[in-house]
*Asks:* 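Just passing along the structure, written as C-alpha cells.
Order of listing sets the numbers, starting from 1, for every ligand and every atom in it. We use all heavy atoms of the structure for the numbers below, so side chains are in, but hydrogens, waters and symmetry mates are not.
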Amino acid sequence: MAAALSRVDFPPAGPLHAELRRAVEEHLARSGRPARGGPAVAAKTAAILAWLAGSYLALLLLPVPGWAAALLALSVGLAIAGVGFNVMHDANHGTLSSRPAVNRAFAFAADLIGGSSWLWRHKHNVLHHTWPNVAGMDTDGDAGFLLRLTPQQPRRSFHRWQHLYAWVLYGVFALKWWLYDDLRELLTGRIGGHAFPRPRGGALAALLLGKAAFLGWAFVVPLLLHPTFWLVPLWLLASAAAGVTLAAVFQLAHCVAEVDHPRGREGERLPLGWAELQLATTTDFARGRRLLSWYVGGLNYQVEHHLFPGICHVRYPELAPIVERTCRAHGIPYRAQPTLRAALAANARWLRELGAGDPAPAAQAAA
Ligand SMILES: [Zn+2]
C-alpha cells in the first residue's frame with residue numbers, strides 16, 4: 001500500500017509547519033491539560049452514546065403516536081451522526097483517550113453505527129487526511145457521477161441542478177455506506193481505485209461481526225418487534241438525518257470555492273508542502289458556536305483538525321487563534337466562514353458553479 005500511495009508526493013516541510021507545531025505544543029504544555037481524552041471527553045462520549053441508546057429504545061419499546069415515532073427516528077439519525085463525529089472519528093484518530101486500548105475499543109463505534117472502522121481508517125486517516133481535496137487521491141471528493149464536487153470531474157448536463165438535488169442524495173448516502181460501499185470495497189480490495197490491505201483473521205471477523213451487530217439492532221430487532229410497513233419511512237428518516245448531517249460537515253469544510261482543489265499527478269510532487277496543502281484545501285466555519293461545535297465534534301474547526309489530527313477535538317477552539325496568528329505571520333491564507341449560513345451558501349455557490357461549467361480560475365486560485 002505504501003508504494004501505491006507514494007505516487008503523489010510532497011516537497012520537504014517548510015518553516016510554517018515547524019512553527020505551527022512549536023506554538024501548539026507550547027500552548028498545550030502551558031495549559032496543563034491532556035491533548036487526548038480527559039474527563040470532559042469521557043462525559044461527552046457517555047452523553048452521546050446515551051442519546052443514541054435512549055432514542056432507539058424509546059422508538060422500539062414505547063407505544064408512541066406516529067408523529068412522535070418520526071421525531072424519535074430523526075433523533076436516532078442525528079445521534080448516529082453524533083457518534084460518528086464525536087466517538088468514531090476521535091477514537092479512530094487515537095484522540096478519544098490517552099490510552100490506546102480505549103481508542104481501539106471505541107474505534108469499533110464505527111462498526112456499531114453501520115460502517116467499518118478498518119475501511120474508515122484507510123479511507124479517512126490515510127487518503128483524506130494525507131491528500132485532502134487532491135483529485136484522484138481523496139475519495140471523499142468523489143460521490144459518483146451524479147455529483148460534480150471538483151473541477152477535475154467531468155460535467156454532465158444534469159449537474160446544473162446539483163446544488164438543489166445534492167441534499168437528497170446525501171439523504172441516501174448513509175444507507176449506501178452501510179449496505180453497499182463497504183461491501184464493494186471489501187470484495188474488490190480497493191477504495192476509489194486505491195488498493196488497501198484487506199482485513200484478515202481477527203480483523204475480518206471483527207468487521208463482519210460489526211456489520212451483523214449493526215444490521216441486527218437497526219433492522220432485524222425492529223422488524224421482529226414491529227413487523228409493519230411503517231418501519232420503512234422511519235428507517236429512511238433516520239438514515240437521511242445521519243447521511244445529510246455527516247455529508248454536510250465534509251461539504252462545508254472542503255467543498256467550497258474558497259479552498260483549493262488540486263490535481264495529483266502520478267509520479268509528480270504537489271506544489272505545496274503537507275501543512276500548506278491542509279490549509280489550502282480546508283476551511284473552518286461558524287467558529288465560536290459552542291452547541292454546533294459540541295455536536296459536530298469540533299469539525300467546524302476543520303483547519304485545526306487537519307493540521308493536528310492527533311489532538312482531541314475539544315481543544316480545537318483554543319488552537320484556532322494560534323493557528324490563525326501563525327499563518328498570518330507567514331503570509332499563508334487561513335480560511336474561516338463566519339457562520340453556518342455563510343458556509344452553506346458558499347457550498348451551494350460552489351456546486352452551482354461546478355454544475356454550470358468550469359469555475360473562474362480566480363476561484364480555484366484562491367489558495
Ligand atoms: Zn479526521
Side-chain angles (χ1 to χ4, degrees), residues 5 17 20-21 24 35-37 41 44-45 48 80-98 100 102-104 106-111 113-134 137-143 149 173-174 177 181-182 191-192 194 196 242-243 245-256 259 274-275 277-287 292-317 319-320 323 335-336 343:
L5 291 179
H17 195 188
L20 281 167
R21 287 174 64 164
V24 165
R36 292 180 286 277
V41 180
K44 186 178 183 186
T45 301
I48 287 177
I80 285 175
V83 171
F85 295 137
N86 291 281
V87 185
M88 158 186 122
H89 184 230
D90 271 89
N92 279 286
H93 274 300
T95 58
L96 191 73
S97 166
S98 55
V102 174
N103 286 316
R104 275 198 300 277
F106 279 87
F108 200 65
D111 301 76
I113 60 163
S116 150
S117 50
W118 178 278
L119 295 169
W120 171 263
R121 284 192 292 275
H122 290 281
K123 197 169 356 193
H124 181 78
N125 293 18
V126 179
L127 294 173
H128 174 64
H129 268 279
T130 312
W131 298 280
N133 275 16
V134 176
M137 301 304 286
D138 180 4
T139 55
D140 283 8
D142 185 0
L149 300 179
F173 273 6
W177 175 35
D181 290 348
D182 283 356
I191 298 173
H194 300 281
F196 67 95
T245 318
L246 289 165
V249 170
F250 165 77
Q251 289 282 324
L252 301 186
H254 295 292
C255 199
V256 291
V259 303
W274 179 85
L277 177 71
Q278 311 299 319
L279 284 158
T281 55
T282 310
T283 177
D284 282 2
F285 58 91
R287 295 188 301 170
L292 179 79
S293 299
W294 184 90
Y295 175 59
V296 303
L299 292 175
N300 54 330
Y301 292 89
Q302 193 94 206
V303 171
E304 288 67 30
H305 174 57
H306 267 268
L307 289 169
F308 298 100
I311 295 177
C312 183
H313 74 265
V314 296
R315 309 300 302 270
Y316 294 155
L319 304 189
V323 172
R335 294 164 176 79

*Asks:* For D181, check salt bridge (charged side-chain N to carboxylate O under 4.0 Å, His left out) against everything at least two apart and list the hits.
*Replies:*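 Testing D181 for salt bridge (charged side-chain N to carboxylate O under 4.0 Å, His left out), a comparison that skips the adjacent residues, returns K176.
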
*Asks:* Could you pull out the closest heavy-atom pair between S117 and N92, with the gap in Å?
*Replies:*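 For S117 and N92, the tightest heavy-atom pair comes out as CB-OD1, 3.6 Å.
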
*Asks:* Ring centres under 6.0 Å, that's the criterion: do H124 and H89 meet it?
*Replies:*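 So the answer is yes for these two rings.
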
*Asks:* Could you list the residues that satisfy side-chain hydrogen bond (donor to acceptor under 3.5 Å, both in side chains) with N300, not counting sequence neighbours?
*Replies:* S293

*Asks:* Please confirm whether H122 and H194 have ring centers closer than 6.0 angstrom.
*Replies:* no

*Asks:* Kindly write out the residues that satisfy side-chain contact (heavy atoms from CB on, under 4.5 Å) with D142, not counting sequence neighbours, or none if the list is empty.
*Replies:*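 So D142 forms a side-chain contact (heavy atoms from CB on, under 4.5 Å) with Q153.
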
*Asks:* Tell me, which protein N/O/S atoms are under 2.8 Å away from the Zn ion (ligand 1)?
*Replies:*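 Listed by chain and number, the nearby protein N, O or S atoms are H89 NE2, H93 NE2, H124 NE2, H129 NE2, H305 NE2.
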
